[in-house]
Amino acid sequence: MTLLKSFEELDYSQALESSTEAQKWLEKHGRRFGQFINGKFEKRKNAELIASHNPSNGELLANIEVANASQLDAAVAAARKAQRKWQALGGHGRAKVLYALARLLQKHTRLTAVLETLDNGKPIRESRDIDIPLAIRHFYHHAGWAQLQEQEFSNYKPIGVAAQIVPWNFPLLMLAWKIAPAMAMGNTIVFKSAEQTPITAMFFAHLCEQAGVPSGVINIVNGDGNVGASLASHDGVDKVAFTGSTAVGRSIRQSTAGQGKKLTLELGGKSAFVVFEDADLDAAVEGLVDSIWFNQGEVCCAGSRLLVQAKVVDKLHAKIKKRIQKLRLGLPLDKSTDLGSLVSQTQYQRVDQMVQQGLQHGGELFQAYDGQSDGNYYPPSLITEIDASHPLAQEEIFGPVLVSMTFRTQTEAVALANNSRYGLAASVWSENINRAMDVAPKLKAGVIWINCHNQFDASCGFGGVRESGFGREGGKEGLFEYLKPKSLTSTKKLKPVTIKQQTSSDETIDRTLKFYIGGKQVRPDGGHSIATYKADGSLASLVGSGNRKDIRNAVSAATKANAWSTQNGHVRAQIIYFLAENLALRESEWIKRLQDLCGITKKEAKTEFNASLSRLFSYAAWSDKYDGAVHNAPYRGVTMALPEAIGVLAQIAPEEKPLLSTISLIAPAIAMGNRVVLIPSQRYAGVALELVQTLETSDIPPGVINIVTGNKGELADQLAGHAEVDGIWCWSDDVTVAKVETTSAADLKRLWVHQEGDRDWLDPQQGEGLEFLRNATEVKNIWTPYGD
Ligand code: NAD
């Protein structure tokens, strides 16, 4: 026998990790866990129980009590009570606690990894080498951010009490992603584990005791979706951070509408894995192993959609088929296992059913095993001969199933990759860095990996766009999800503005100020107009009353103006400066107008006008300076955090300081490359339309700014329901805000909502700056390893 032959025929023997310590720990706790509230472990005799099983063999690990309503109340109350003191402890005090947690987790790495593998079914190699080390890294990294908080975030304060809900695929890692940044920034927490995998969260609760986490800072409750739903909509919670399915994320968006809570949603995905003909195909195959067969494919950002350039598809498929036959599907505790068990029988059936039903629409299935393994072991699978509209190419399977399609050109690759309602992640495989760097910004996703997949680190933001949710976890960008500006103190709530509507036929000559759509002044589709009045009660102007068709036209114009989003900052800056220059020419006219409309003194009007000019200058200045970061992740490569335009941004303007607030919204949005559909102040709607003459002379390309006036509540709701609107900024009454939050849940638009009167627009701390720029952009993290 040749050496090569004996090497090829080598077989593995089992190398099982011991579960003795883990079983002992479960026994010590009577294989039953309750809740961790206000620093104490609470058990209830007659509690409803959920059994947590080892999914690979059905063994009962422990019974978990479901938290009841009064326990939830107690957990939220404990978090509320602890928050002020936790904040007052200061960055260094909090850093010490986070550091202690990191050290304790590190000390118990092996035990935690075994508990995770027992509970979830994932291979011990992955929990030991990936999940737990990344969780530890998260606590270390955020101990650092706590330490630096006073220097780096001096203008911000914690949000308060955070409700955090996680899924079962990375139980402890998701806990770390949620708890570490929230704690570091001075928030307190009520955390809910996933009902399938609650054990490592309970282990972590014991570490909290040892680490000296003050009572009430971290509360951990257990239970199913009902407990999650009650927690998310609980009155005492200020922020909800949810990771899980898009369907549940949508329901949380709806159930929290109008409650004034800050929300982060990390949802599902169908991420593209794009292989160009000039890729290193062997590396791409290994990338697929890390991408779709890592964690049995139960990964939100799994590269589940393989897009291959047609020339190399046969070669690549042959390599994939060969490789997956070598993957070891087996006991999770075996150190040489590549794929363990799916998390539950339910999940196994879900994956299997999806695949079987999907195949009825066509497609060829290749599985490395015959699919008959006992238990919840699903074989690594490849599906070919399908097209982009096939259900298996569109829906998240959340199992080890790769679907493959081909493309011919780079343009087609980008179009196919973006042909998804999701936008979590993607990877680009090419040995030509020019090509990879050209494609990465064109992909609609929050994370892009170049020649790698599924790389994570605490220093790099993670999160999606579209129906993959909004918000980031990790990186400096993730910390802002747990902070709010110190300068905002107002809680004033205004009632909806009532308007008087009149038809243009009331007048012989139609003097209605027209909308501004696609660079042209256009009449309202319905022909209706609204009267706006001066401070003395006399008629100021008639403005159009927009309807659904006007909104459609405005959004369509904004969509077409997409070249603005790739325009460079230098050009955008020049145009905004020029807009300021042209506005300055009309100073006396504007001062008079503002005086008449708002009933303010000449001095006050001049102050508002000058502040408007200054604001335009500020954002012209920022246009080429708000430029992202290179994150310092522990690998050989660079991770670029690029702020990108959100796209089509709908802006519902506030009522007060009509000129200044309009400019305060439009300027940061266009400076960052967004195209805007503005619904101006209702009382002073003419102000935005009077601005059109200046916009027209300022080289702003058609469609970049569009203005439709009318009933703010109705138009805001129409924009919230429009599929081509990517994000909404809304300053309005609480009824409109709640409506926008509810309607936008359909496609999970990114929102920035406010009650009227929440800020003083004249104050540069409140009316301009980084908060606006952050909300005008999405951070895309592009991972680029280097070296051979
Ligand atoms: P899931 O949405 O069913 O459950 C997630 C969590 O939400 C669980 O704790 C569950 O108890 C709770 N929950 C269920 N219904 C709820 C409700 N109405 N209100 C509040 N909470 C509720 O998701 P899952 O099946 O556990 O996890 C798989 C999904 O999670 C996949 O879609 C996957 O893509 C997604 N995921 C996303 C990320 C990410 O970072 N984007 C990470 C991991 C998993």
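For ligands, and for the atoms within them, numbers begin at 1 and follow the listed sequence.
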* **ligand 1 versus Lys192: contacting region, heavy-atom distance under 4.0 Å** => side chain
* Aromatic plane relationship, Trp449 with His453 - under 30° parallel, 30 to 60° tilted, over 60° perpendicular -> tilted
* Asked: Has ligand 1 got any nitrogen or oxygen that is less than 3.5 angstrom from a nitrogen or oxygen of Leu267?
  -> yes
* Asked: Any side-chain heavy atom of Tyr377 within less than 4.5 Å of one from Tyr348?
  -> no
* Asked: At a 4.0 Å cut-off, with the gap strictly under it, does some heavy atom of Ser251 reach an atom of ligand 1?
  -> yes
* Asked: At what distance is the nearest protein heavy atom to atom 8 (C) of ligand 1, and which residue and atom is it?
  -> Val166 O, 3.3 Å
* At what distance is the nearest protein heavy atom to atom 22 (C) of ligand 1, and which residue and atom is it? -> Val248 CG1, 3.5 Å
* To do: Can you confirm whether something in the protein, heavy atoms only, sits under 4.0 Å from atom 25 (O) of ligand 1?
  => yes
* Distance flag, aromatic centroids of Phe36 and His206, threshold under 6.0 Å -> no
* Compute the shortest N/O to N/O distance between Trp177 and ligand 1 and return yes if it is under 3.5 Å, no if not. => no
* So is Thr243 polar-close to ligand 1, meaning N/O to N/O under 3.5 Å? -> no
* To do: Specify the protein heavy atom at minimum distance from atom 12 (C) of ligand 1: its residue, its atom name, and the distance to 0.1 Å.
  => Ile165 CG2, 3.7 Å
* Counting only N and O atoms by type, is there a donor-acceptor contact under 3.5 Å from the side chain of Asn54 to the main-chain atoms of Glu59? -> no
* Asked: Can you name the one residue among Phe139, Phe191, Phe33 that meets ring pair (Phe, Tyr, Trp, His ring centres under 6.0 Å) with Phe204?
  -> Phe139
* Quick one: does NZ or CZ of Arg774 land under 6.0 Å from the six-membered ring centre of Phe480, within 45 degrees of the ring axis? -> yes
* Do the ring centers of Phe294 and Phe170 come within less than 6.0 Å of each other? -> yes
* To do: Show your reasoning for whether side chain to side chain donor-acceptor pair (under 3.5 Å) applies to Asp119 and His53.
  => CA-CA 6 Å; Asp119 208 13; His53 290 109; over 6 Å; no
* To do: Tell me which protein heavy atom sits closest to atom 15 (N) of ligand 1, plus the residue, atom name and distance to 0.1 Å.
  => Gly225 CA, 3.4 Å
* Asked: Is it the side chain (CB and beyond), the backbone, both or neither of Gln196 that lies under 4.0 Å from ligand 1, heavy atoms counted?
  -> neither
* Asked: Is the shortest distance from a Lys or Arg side-chain nitrogen in Arg253 or Glu741 to a carboxylate oxygen in the other one below 4.0 Å?
  -> yes
* Which of the atoms of ligand 1 are close to Asp224, meaning less than 4.0 Å from one of its heavy atoms? -> 11 (O)
* Is it true that Glu395 and Lys270 have a side-chain N and a carboxylate O under 4.0 angstrom from each other? -> no
* Do Phe242 and Trp177 make the cut of ring centroids closer than 6.0 angstrom? -> no
* Note: Lys780-Glu644 ion pair, threshold 4.0 Å (strictly below) -> yes
* Asked: Which is closest to atom 30 (O) of ligand 1 in terms of heavy atoms, Ala229, Ser271, Gly244, Gly269?
  -> Gly244
* Closest non-hydrogen protein atom to atom 27 (O) of ligand 1, residue and atom name please, with distance? -> Pro167 CB, 3.3 Å
* Measure the distances from the heavy atoms of Gly469 to every atom of ligand 1 and state whether one is below 4.0 angstrom. => no
* Asked: Between Asn632 and Ser459, is a side chain to side chain donor-acceptor pair (under 3.5 Å) present by the stated rule, with each step listed?
  -> CA-CA 7 Å; Asn632 195 4; Ser459 65; over 6 Å; no
* Asked: Considering only protein heavy atoms, which is closest to atom 32 (O) of ligand 1, and at what distance to one decimal place?
  -> Glu396 OE1, 2.7 Å
* **Pair Asn418-Lys444, side-chain donor/acceptor within less than 3.5 Å** => no
* Structure fact -> protein heavy-atom neighbour closest to atom 28 (C) of ligand 1 works out as Phe398 CE2, 3.5 Å
* Interfacing atoms of ligand 1 (cut-off 4.0 Å, heavy-atom, Leu424) -> 41 (N)
* **Closest protein heavy atom to atom 1 (P) of ligand 1, given as residue, atom name and distance to 0.1 Å** => Ser245 OG, 3.6 Å
* Glu195, any N or O under 3.5 Å of ligand 1 N or O -> yes
* Asked: Of all the atoms in ligand 1, which lie at a distance below 4.0 Å from a heavy atom belonging to Cys300?
  -> 33 (C), 34 (O), 36 (N), 37 (C), 38 (C), 39 (C), 40 (O), 41 (N), 42 (C), 43 (C), 44 (C)
* Pair Gln35, Glu65: side-chain N/O donor-acceptor within cut-off below 3.5 Å -> no
* Report the part of Phe170 (side chain from C-beta onward, or backbone N, CA, C, O) that has a heavy atom under 4.0 Å from ligand 1; answer both or neither where that applies. => neither
* Would you say Phe242 touches ligand 1, if touching means a heavy atom closer than 4.0 Å? -> yes
* To do: Using a strict 4.0 Å cut-off to heavy atoms of Phe462, name the atoms of ligand 1 that fall inside it.
  => 40 (O)
* To do: Within a distance under 4.0 Å of any heavy atom of Ser193, pick out the atoms of ligand 1 and give their elements.
  => 9 (O)
* Structure fact -> Looking only at non-hydrogen atoms, the one of Glu298, Arg250, Glu266 nearest atom 40 (O) of ligand 1 is Glu266
* Asked: Has the side chain of Lys261 got a donor or acceptor atom that lies under 3.5 Å from a matching backbone atom of Ala232?
  -> yes
* Element-labelled atoms of ligand 1 that are located less than 4.0 Å from some non-hydrogen atom of Gly228 -> 19 (N), 20 (C), 21 (N)
* **Electrostatic pair Arg750:Glu778 at N-O distance under 4.0 angstrom** => yes
* Would you say Ser468 has any N or O atom under 3.5 Å from an N or O of ligand 1, going by distance alone? -> no
* For ligand 1, which atoms have a heavy atom of Asn169 less than 4.0 angstrom away? -> 43 (C), 44 (C)
